[in-house]
Amino acid sequence: MALEMTFIPRRFLWFVLAHHFIVVTACHDADYGQLIQDYCLNRFKFDMEVIGQKLWCDWDETVGSYGELTNCTILIAKKLDCYWPNQLVDEFFIAIHKHYFKNCSLSGRSLRDPPNNILCPFLVVPILITLLMTALVVWRSKRSEGIV
């Protein structure tokens, strides 16, 4: 019983020391968050204003700015000895996507209905075929002679 009691304080001591070591060497999230807001986000906002809201969903137009934003967050993380990616970066990019890319489709093209001259044949042809087949079945069922 006394032997078990000596292991508990040692484990607790290691746990406390490891916790303090991690806290001392950890990234300062408040500084990191402020720096990516000040340096990276401001540049990205400027680039997106230059592109114009109508082209935000055009990946060819935004890929350069988005890549610079990503590289900026990586460089600041390295300077502050922070891990990348981390939860703060995830939240940062989610906020950017919610603001700038919320109306974009997954393919990067804006969704819209096709023109009527393309849409109408795709609607009318199956309806006419269905009516024709129904009429053919009714007509054949009334003519029972000659069916083997």
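Please read these numbers as outputs of a predicted model, since none were measured by experiment.
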Engineer: How many angstroms lie between atom CG of Asn116 and atom SG of Cys120, to the nearest 0.5 angstrom?
Structural biologist: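 Output value for this atom pair is 5.0 Å.
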Engineer: Decide side chain to side chain contact (heavy atoms under 4.5 Å, CB included) for Glu68 and Asp47; before the verdict, give the C-alpha distance in whole Å, the side-chain angles of both, and the deciding distance to 0.1 Å.
Structural biologist: CA-CA 10 Å; Glu68 288 177 15; Asp47 290 344; 3.7 Å; yes
Engineer: Atom CG of Leu88 and atom CZ of Phe93: how far apart are they, to the nearest 0.5 Å?
Structural biologist: 11.0 Å
Engineer: Evaluate side chain to side chain contact (heavy atoms under 4.5 Å, CB included) for Ile96 paired with Phe101, printing each intermediate quantity in order.
Structural biologist: CA-CA 8 Å; Ile96 286 174; Phe101 307 115; 4.2 Å; yes
Engineer: Tell me the closest heavy-atom pair linking Ala77 and Tyr83, and the distance in Å.
Structural biologist: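 Shortest heavy-atom separation between Ala77 and Tyr83 comes out as CB-O, 4.4 Å.
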Engineer: With rounding to the nearest 0.5 Å, note down the distance linking CG in Asn71 to CG in Leu75.
Structural biologist: 6.5 Å
Engineer: Would Phe44 and Tyr39 count as a close aromatic pair, with their ring centres under 6.0 Å?
Structural biologist: no
Engineer: Where is the tightest heavy-atom contact between Thr73 and Thr70, given as atom of each residue plus distance?
Structural biologist: OG1-O, 2.7 Å
Engineer: If hydrophobic clusters are built from ILVMFWY residues whose side chains come within less than 4.5 Å, do Val125 and Met133 share one?
Structural biologist: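 Yes, it is one cluster - the side chains of Val125 and Met133 are joined through contacts under 4.5 Å.
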Engineer: If you take all heavy atoms of Pro121 and Pro126, which pair is closest and at what distance?
Structural biologist: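 Minimum heavy-atom contact is O-CD, 4.0 Å.
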Engineer: Working to the nearest 0.5 angstrom, can you tell me the gap between Ile94 CD1 and Gln87 CD?
Structural biologist: 9.5 Å
Engineer: I need the Gln37 CD to Tyr32 OH distance, nearest 0.5 Å.
Structural biologist: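 The OH atom of Tyr32 is 11.0 Å from CD of Gln37, to the nearest 0.5 Å.
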Engineer: How far apart are the closest heavy atoms of Asp31 and Leu80, and which atoms are they?
Structural biologist: C-CD1, 4.3 Å
Engineer: May I ask you to test the Met48-Tyr100 pair for a side-chain heavy-atom distance under 4.5 Å?
Structural biologist: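 Side chain of Met48 against side chain of Tyr100, heavy atoms only: contact under 4.5 Å found.
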Engineer: Is any side-chain heavy atom of Cys72 less than 4.5 Å from a side-chain heavy atom of Ile36?
Structural biologist: no
Engineer: Give the minimum heavy-atom separation between Asn86 and Cys82, together with the two atoms involved.
Structural biologist: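 Scanning both residues, the minimum pair turns out to be ND2-CB, 4.4 Å.
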Engineer: Distance-only, no hydrogens or angles: does the Asp38 side chain make a donor-acceptor pair with backbone N or O of Leu35 under 3.5 Å?
Structural biologist: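 No, Asp38 side chain to Leu35 backbone: no donor-acceptor pair under 3.5 Å.
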Engineer: Using distance alone, with no hydrogens and no angle criterion, decide if Trp56 and Thr62 have a side-chain donor and acceptor under 3.5 Å apart.
Structural biologist: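 The answer is no; no qualifying pair exists.
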Engineer: So do Trp84 and Ile76 actually touch side chain to side chain, heavy atoms under 4.5 Å?
Structural biologist: no
Engineer: Write down the atom of Ile51, the atom of Glu61, and the distance for their closest heavy-atom approach.
Structural biologist: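 Minimum heavy-atom separation between Ile51 and Glu61: CD1-O, 3.3 Å.
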Engineer: Hey, what do you get for CZ (Phe46) to CG (Leu41), rounding to the nearest 0.5 Å?
Structural biologist: 14.0 Å
Engineer: Do Leu128 and Val124 have side chains that approach each other closer than 4.5 Å (heavy atoms only, starting at C-beta)?
Structural biologist: yes
Engineer: I want to know whether His97 and Phe92 have ring centres closer than 6.0 Å.
Structural biologist: no
